[in-house]
Every structure is written in structure tokens, then in C-alpha cells.
Protein chains: 2
Amino acid sequence: MTESRASRVSAIAADGSDLHAGSAVSAEVNSAASSGAKKGRTGKANSTIYDIAKVAGVNPSTVSRALSKPGRVSAKTQKLIEKAAAELNYQVNPFARALPTGRTNTIGLIVADITNPTFFDIIRGAQATGNVRDYTLVLAESAESGATELTVARRLMSTADGLILASPRMNDADIRSLFADKPVVVINREVEGVPCVIPDVRKGIGEAVRSIAANGHKKLAFVAGPAQSWMSARRWEGVQEACEWSGVEVIRLESTKPTVDGGRQVARDVLSSGASAVMTYNDLLAIGLMQELQAAGLDIPDQISIIGFDDIFGADFTTPPLTTVRSPLEACGKAAAARLLDLLHGNGELARTLQVETQLVLRGSSGRSPAR
Amino acid sequence: MTESRASRVSAIAADGSDLHAGSAVSAEVNSAASSGAKKGRTGKANSTIYDIAKVAGVNPSTVSRALSKPGRVSAKTQKLIEKAAAELNYQVNPFARALPTGRTNTIGLIVADITNPTFFDIIRGAQATGNVRDYTLVLAESAESGATELTVARRLMSTADGLILASPRMNDADIRSLFADKPVVVINREVEGVPCVIPDVRKGIGEAVRSIAANGHKKLAFVAGPAQSWMSARRWEGVQEACEWSGVEVIRLESTKPTVDGGRQVARDVLSSGASAVMTYNDLLAIGLMQELQAAGLDIPDQISIIGFDDIFGADFTTPPLTTVRSPLEACGKAAAARLLDLLHGNGELARTLQVETQLVLRGSSGRSPAR
DNA sequence: GCGGGTGTGGCAACCGGTTGACAGTGATGC
DNA sequence: GCATCACTGTCAACCGGTTGCCACACCCGC
């Protein structure tokens, strides 16, 4: 039987070791490409470049070149080999390719929590761009901890060609040390010396605060996110700045956690603050806050206006639908992947920060200040 | 236990050559584990079993065995090698391991759409279980098409040890042909001869319809999902059965697509149907429907009751929050992964269908029939 | 006709593990 | 005391591509 390739009998538990362990989810998207040969049964017996070489009557190395070094072989041989490859329904073995080259055609993406909808669109964007350029995106979760994040990043680094860090929790020095090793692109944070993609909060916030001021609100509360969040700090800065500019008084409230629950918990502080408009660090907080305020009998937006951040999936499920400052998350993911791939292919410009624009999405949860 | 460590980050690109193409997202979750050696600069220069062999003064093959064949080497040598491995901060190269064995410690999961929240919890569950057993989960997207699904499945099959198909669109024969090749587990559908994990719709539907009947509703509309959806058919059957049992009249309405938009579009039919309660194929339809009905001035649940299916993320963001029949999606993901791993390790029971229970989650969108 | 340049293909040595076959060792059995 | 056997470790041949180096052809110009 020709080489049968270790039928998946396997066995072997490969259970965990003392250190490490980890797992991964990886999403693959087809692009075009029919699988080649017709019928299903082409199944298992994958062909190799050796098979192709035999059919085409050339050396395996020539096949390898024909398939991966455009122009290295003559047009005639090229045709020959391509025909044979198609005939045998050949597909490269990614492992075999990765072994000698170290090139895996894989980029890593690390997020704090796979199920956080904020990251959803980032994943999708990065995935889409990777897809186009024939790269696999490997997604890793850091469980919201800077330490595990670094561990995970190092491990991922060993099998991926480059890394995208979305809202990383680890410190700048660690990120730079990763970057020293292989290409890295950071999303939602600015790190000196490392290419970054960040939403330009000012435009969206400016629109939001202007809208608030125009609606007659005099006092705005900002519900902050996690203390270590770079993005939360930027948003707070932006809000302060815009408020100063617009002559709106602003106060800052703290949340326990950036979730729906955290939003509920902050409702009391919001009420006692006397603000007639609220902006929250993210949409989940806004949704929780809105639920709690409505439960307390408040009418939104007639009695209090609420504006979130991000425009996540479900932000328009609420009643009234949530007004929010949209971060173009999918665009961030796309841009980050594109930069990373450029870096990998040497078109690497200097490490420069790329800003993508935010914008206010006006829906029902914000409106005129109650005539008090 | 000791050995193993299989860093299996992997992810595998399955990229390809001219044909093929595709990309993947893979999510990794750390577990515990400090990365081993202290400082950061251990960086790139990965050590190999050859390095360990030199340090420990044994043959590389002995190292290989010590690390992956428990009991094959003497305890003394084992200790020696482990010490050397730890010292060098060794991590197996997953590609090198995969090449000769064909074993990738990777399982594939195919969903129709990565951004569909229904699959979210399935992904998370499968991921969690895979993680525990030291397997990487590779997620592939089929773009809702049976044909691309098969293509993607075949490709994934070549790099994964087994496959999980969530709500597959391809036909039974194709699924069986995949199963003939490597272990496959299907979620949300029953395929003769292939292990399946499906929610037992009856319990949840029974509860829902009983609640509807108890609230005095006489006529229920069921908004169906895609024609080729196995799950939609089961739900319709379940609803019919339960309605017969409870003496509620039921009619079936068709939706254009199983999304929020589809829900909006079906609102007219719902209104003209004269039903006072509606169950929809999934939550997205329910949410869209609710929005449209509310926009038309209807009060929910006072004038019409709405019940969805799945209990996706955001189902409780609505006002009123959505009553829904929860499918334990995360449990499905976990169970499917567990079955697949059992299959891979030979503990494979016969192909049997596993049912997980559904339950009614009573929230605000359903209530008493309007006294008409 | 000869030296030099360019375009092509072959050879063989990797990449880093895995594994079947086998040899050396010591223990055990009779 | 010798054959048997279980236990350990080594040897070497893979897995399937990639790539540096070289050889051979062929074309060119002089």
C-alpha cells in the first residue's frame, strides 16, 4: 500500500502535562475552489509530490518548485506538473511544509474572551483578510489575565508566523519582547515601537457629546471600564475633552466589571449622580444599566439618556435600541491582519499606528434632557 | 501525567496551493502553567529532543519515548530526561510530530457561520472539552452551503483527527462518507450510522406549549426556519405534537431567512394569521418579529406572546426579555467533543444518538392570551 | 570554436519527531 | 549452568516537503 500515512488509529492519550496545556479553536473558511476531483471517494489516500513526480516524469524537487516557486521551472514542465497534480487531486501537506521552513501560513490572534461579542467582529475581520491571503487565523484566549496572556502568546508564537493582540492586558515591555521575535500587531492599544491599530475615539465621542449638549443635557456621567484597560482610559480622556469643549459637566463613575451585570450594579451611582445622560465604557454596561433603570421605573430616553460604546451584536435588540459609539471592529481586525501580512512579506513599513474612525450611531436610547 | 506536554497549538493551515485556499481561526485557551523557564529571552531558539538527548546523555529516540510512551523507559531515565526537558524549556514541535504519525491532536468543528450566536456556545463547549483533553479545536465555516461544507470538511479532515459537524447542511450520504474516513460527530441532526448529539426538543416544547395553553391561547403560529434544516423540521413536529396534545390550534408560517430581518418580514403573516401566540424557529426570528410588531403598536405580551428557540446571547436584551426554549448548546458542544475524543481513543461505543434536554426559559415576552 | 552567462532540473541533506527491529543486560526457570 | 524472557535503550528508516549546490544544455558574442 503505498505509504498509507499512519491511519488515524492513533490511540495515545496525550493527556496533559504538568506545565502548560492549552487548546485552540480555529476557524476556517472556504474560499472558492471546488475540491477538484468529483466524487467523494477520493478520500484518504492523499497524494504527494512524489506521486506527481512519478506521473510527470520529473524529480520531486522540481514538483516542489513548480508548486511554490513561480517561474523557477519552465512553462512546459509547469503545465505538466500542474496537470498531474490536478489529476491526483493533490493537496500539500501543511505539516510537511511547515517543518523545514518554519512557515506555517498561520497568524495568531489573542483575545481576552472568545465569547465577548466585542471581539467577535475583530475575529471575523482578521479571519476574512487572512482568508484572502491564504492564511489561517489561530485564535487564543487569555482569560483576561496578563500573565496567562503572555504564556499563551509565547506558545502561539512558536507555531504561528505572527501575532495579533486584541486589547492586550500584558505590559508594553512584554509586547515589545514578542515583537522582537516575530511580527506583532496590536489592536485597541498603542504600544511604542509596535504597529498598532486603534479606533480614533475622538470623532465618535465628539459626535456623541455634541448630540448630548444639543439635547440640552448639562451633566454627563461616564461609567469607566477596567482600571488596566488602555481603551477605557482613552475613552475617558476623549469624553472629558469633548465635554470641556461643549461646556457639559462630566463626572466619572467606576464599574465593577465591564458586563451587563456590572451595568446593573452601577445604576445606583448613576441615579445619585444627578446626571441626565450617561456614557458607558462599553455596550454591555449600557445594556445592564438600561435594564436596571427601566426596572426602577425610569423612562429611557425621556428621563435619562444612555450611550454605549462599540455597537456589539445585540445592541439594537434593546428597547429602545441603544445609541452607541461604533468602533469599526471588523475593520480593525482586517487592518491588523493586513498589516501583519505586509510585515510578513517584507512590505513592512515602519511601526506606525493606524487609526480607524469611530462614529455615533444614533438610536433610541438617547434624546432630549428632561425639562427639569 | 508526566510526559506528553504536546504543545499542540497547531492550527494547521491547510492552505494550499492553487486549488484549495481557505483560512482558519483557531482559539486557544491556556490552562495553567507557567511557561517553564524563567526569563523571557528563551524566545525563539526552540530546543529539540536532540538537545535533550545530548544533555541527558541518551539517544533521541529514548527521549521521544520518554515523552510520549509512558512506561516505555525506566523511571530513572525518565526522570533524567524530564529534568533536561524542563531545563531547556522544551516544547514539542507539533508539525514534526504530525508528520510521521498523522496525528495532529486537533479536532475540526464546522459551523455554517462563525458570527451566528447559536454556534457560539457550541464552539465554546467543544473548545472547553478539547482543551481538557489537550486537543486543539479547529473551526471551519461553511457559508451556509452544503457544497462548500463538504469541500471544507474534506480539507479539514486532512489535518484534523476527527470532525464535529454542527447543524450540517450536506446530505446524509456525504456525512457517512466522511465518517468512513475518520471519526465524525454530528450536532443538531440525526444521521443513521453516525454518532449524533441532539437536543431533545420535546421537553422544552412541551413546557412551552403547555404554558401557552395554560395562558388561554387557542391558536399558535410556528414560524419555520430554512427548508433544509433538520432541526427546523424536528421543532415543527414537536410543536404540532404538543399542540395536538394540549388542544391548541397550530399553523405554520414560512420565513425567508432565519435572521432578525427574516423575523421582521414575517410579521405581516403573523398578524393576518390571527394567532395570539407565536413560536419561531430561532431567537433571531423572534427578536425581529417582536421589533416589527412593537413598531406596529402591538404590546407584547399583552396582545401577542412570542417564544423563541435557543436562548442565544442577547435574548434577554429585549424588552420584554424573550421567552425561549433553551437548547443546551454548550453542553452539546461538550458532549460532541467528548464523544469524538472517545472515538479517537478507541473507547468508541456504537454510533448512538445522544439526547440533551431542552427547557423553557420563561421571560417577559409571553403571557396571558388577550381576552378577546 | 571557445569562454561565459543564463535557464532548468536533479541530488541529497535537511526540518524534528516516531517507531519497528534488534541488541545488550540482568533476572528467572529448570 | 544454560536457555528464556522481560526490560531498556539504540539504530535507522521513515513522514513530505524545501532548498543549496551542482551539472548539463543551450544560446550568445567574439
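In this text, all values refer to a predicted model and were calculated from it rather than measured experimentally. Scope of the values below: all heavy atoms of this structure, side chains included, with no hydrogens, waters or symmetry mates. Each chain gets a letter, A, B and so on, in the order its sequence line appears, and its residues count up from 1.
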How many whole angstroms separate atom [atom1] of [X] from atom [atom2] of [N]?
X     : N      : atom1 : atom2 : value
B:K79 : D:dG9  : NZ    : P     : 13 Å
A:R65 : D:dC21 : CZ    : C1'   : 10 Å
B:I52 : D:dG9  : CD1   : C1'   : 16 Å
A:I49 : D:dG16 : CD1   : P     : 10 Å
B:F95 : C:dC15 : CZ    : C1'   : 12 Å
A:L80 : C:dG10 : CG    : P     : 11 Å
B:L99 : C:dC14 : CG    : P     : 17 Å
B:L67 : C:dG17 : CG    : C1'   : 10 Å

- Item | Donor + acceptor pair across side chains of B:S64, B:S61 (<3.5 Å) | no

- Message: On DNA chain C, compare the nucleotides closest to A:N59 and B:T62; which residue's is nearer the 5' end?
- Response: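 Of the two residues, A:N59 wins.
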
Can a side chain N or O of [X] be found less than 4.0 Å away from OP1 or OP2 on [N]?
X     : N      : result
A:K69 : D:dT19 : yes
A:S74 : C:dG9  : yes
A:S64 : D:dT18 : yes

Does any N or O in the side chain of [X] come within less than 3.5 Å of the main-chain N or O of [Y], such that one atom is a donor and the other an acceptor?
X      : Y      : result
B:K182 : B:L163 : no
A:T148 : A:S142 : yes
B:K334 : B:I122 : no
A:D181 : A:L178 : no

Could you please name the option among [options] that lies closest to any side-chain atom of [X]?
X     : options                : value
B:T77 : D:dG17, D:dT8, C:dG17  : D:dT8
B:S61 : D:dA12, D:dT19, D:dG17 : D:dA12
A:Y50 : C:dG17, C:dG9, D:dG17  : D:dG17

- Message: Go nucleotide by nucleotide along DNA chain D from the 5' end; which of A:A96 and B:K76 gets its closest nucleotide reached first?
- Response: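 Whichever sits nearer the 5' end wins; that is B:K76.
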
- Which part of the nucleic acid does A:V63 contact within heavy-atom distance under 4.0 Å: base, sugar-phosphate only, or nothing? nothing

- Query: Under the side-chain contact (heavy atoms from CB on, under 4.5 Å) test, which residues partner B:L99, sequence neighbours left out?
  - Reply: A:N93, A:A96, A:L99

- Task: Enter the inter-axis angle for the ends of the helix from C:dG1-D:dC30 to C:dC30-D:dG1 (five pairs per end, rounded to 10°).
- Result: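 It comes to 40° between the two terminal axes.
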
- Message: Which residues pass the side chain to side chain donor-acceptor pair (under 3.5 Å) test with A:D161, not counting sequence neighbours?
- Response: A:T104

- Side-chain donor/acceptor of B:R72 to base of C:dT19, under 3.5 Å: no

